[in-house]
Amino acid sequence: MPKSITAAVQREIGAPPVIETLTIAEPQEDEVRIALAAVGVCHTDMVMRDGHVPIPQPVVLGHEGAGIVDAIGPGVTGLAVGDKVVLSFDSCGHCPSCDDHEPAYCHNWFPLNFGGGRQDGSTALTDEAGKPVHSHIFGQSSFASHAIAHSRNVVKVEADVPLEILGPLGCGIQTGAGSVLNVLKPRRGSSMAVIGTGAVGLSAIMAAGIAGVETVVAIDLKADRLALARQLGATHSFKADEGSVAEFATAAGCTAGFDYIIDTTGIPAVCNAAISSLGPRGELALVGAYPPGMNVEAEASFLMSGGRVVRGVVEGGADPQTFIPELIEHYLAGRFPFDRLIEYFAFDDIAEAISAGESGKVVKPVLRFNA
Ligand code: CXF
Ligand code: ZN
């Protein structure tokens, strides 16, 4: 049966979310309906809110959900009502990237995650006037008490961990940790700079510790974030306005430049400075939300001569079905204390949670249902 739910609806670009009662459909063939326990707020929710990625309105945002399976479509296997699950990004399962277990680079990534509905154009949500509300953002639209996802982007959690902390594994945390563990795969004893110490950057710093990176340099404008970065494993920290990336490399003993750099800022001048601070065989991972039309600049001979690499990374290059359980293992073993980034808000306080995230007061706001 369709169900009456509570959701934060954005009715126009830039508008704050309004809590409304909506109707959510029964799951279709390959869909799963989830009763959300909690959902993280990600910077990309704000990018979508502000129309920097064009998505249809009205819409329910939210893409770091965790909850319990409430209903399943007739074609779904491997999931049952009552299962604990984390929701992640969606992928098609039948393109060359999905065939290679690289769903983050799915050839249908944009329509599936930003399209605002199913591939046939229908949505899962209807408002009180009977008008459609766009759904399926990142295959979930989880700023709501219930969401419809595809079975491919629902990750079953077997471990005995509180569901309320797990949602951010589906995007921000996986993006930072995966950039290190899945993509850069740093050599033990190497050096890495992480520029920007939000949820993505701090997750990268924790993962650098797991990978055995020797010199882990945190760079940010905020002193309190740098202090947290140190607690989570950064060996050096620098205020971004007190020098250049190259000067920080020298001060950290990396006189030839960094072996690895992760940019989470999305700022062109920062990316350009990072490129020129790469040592021989150095790799820069671009993992931020880059506005369309933004370019980076590099001297071709500098890249070529040292075998340097500049590469993009989406969602930490993760296959969530295997990487999220891996991160939960690291967490349970005490190697990946990502719960230190989280502060909880009641779902009704979504506006406060968003502003705490945007101001930097809270690293990773998480909305709890029935809190
Ligand atoms: C996004 C960043 C912008 C491009 C798609 C993936 N990651 C998560 O929020
Ligand atoms: Zn995100």
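In listed order, ligands and their atoms are each counted from 1. Just so you know, residue 1 is the first one in the sequence shown, and it goes up from there.
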For [atom], what's the nearest protein heavy atom and its distance?
atom: atom 8 (C) of ligand 1; answer: C171 SG, 3.0 Å
atom: atom 1 (C) of ligand 1; answer: T44 OG1, 3.8 Å
atom: atom 6 (C) of ligand 1; answer: W109 CH2, 3.6 Å
atom: atom 7 (N) of ligand 1; answer: E315 OE2, 3.6 Å

Margin query: Donor-acceptor check, side chain of D45 to backbone of G62, threshold 3.5 angstrom: yes or no?
Written below: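 Flag set: sc D45 to bb G62 pair under 3.5 Å.
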
Check: Judged by atom type as modelled, is there a donor-acceptor pair below 3.5 Å linking the side chain of N182 to the main-chain atoms of K185?
Finding: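 Answer holds: no.
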
Note to self: Working note: R49 + I354, criterion side-chain contact (heavy atoms from CB on, under 4.5 Å); need CA distance, chi angles, decisive distance, verdict.
What the structure shows: CA-CA 11 Å; R49 173 198 64 192; I354 288 171; 3.8 Å; yes

Checklist line | Side-chain heavy-atom pair P365, E343 within 4.5 angstrom cut-off | finding: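 The answer is no, as the side chains (C-beta and beyond) never meet within the 4.5 Å cut-off.
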
Check: Can you find a heavy atom in the side chain of E64 that is under 4.5 Å from one in the side chain of C42?
Finding: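 Counting from C-beta outward, E64 and C42 do come under 4.5 Å.
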
Check: Quick one: which ligand 1 atoms are inside 4.0 Å of a heavy atom on C42?
Finding: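 Selected atoms, number and element: 9 (O).
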
Item checked: Per-atom contacts, ligand 1 versus H63 - under 4.0 Å to a heavy atom ->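 The list of qualifying atoms is 9 (O).
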
Next item on the list: For atom 4 (C) of ligand 1, state whether the nearest protein heavy atom is under 4.0 Å away.
Entry: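 No; the ligand atom in question lacks any protein heavy-atom contact below 4.0 Å.
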
Notebook entry, point to check: Can you tell me if C42 has an N, O or S atom under 2.8 Å away from the Zn ion (ligand 2)?
Noted result: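 Within the cut-off used here (under 2.8 Å), C42 does place an N, O or S atom near the Zn ion (ligand 2).
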
Note to self: Among F110, F89, F114, exactly one meets ring pair (Phe, Tyr, Trp, His ring centres under 6.0 Å) together with F138. Which residue is that?
What the structure shows: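 Exactly one pass, corresponding to F114.
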
Checklist line | Matching residue for V157 among L169, D83, L166 - test: side-chain contact (heavy atoms from CB on, under 4.5 Å) | finding: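 Answer to the side-chain contact (heavy atoms from CB on, under 4.5 Å) test with V157 among L169, D83, L166: L166.
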
Margin query: Counting only heavy atoms closer than 4.0 Å, does ligand 1 sit against the backbone of H43, its side chain, both, or neither?
Written below: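 Looking at H43 and ligand 1, no heavy atom falls under 4.0 Å.
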
Next item on the list: Calculate the angle formed at the Zn ion (ligand 2) by SG in C171 and NE2 in H63; 10° precision is enough.
Entry: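 It comes to 110°.
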
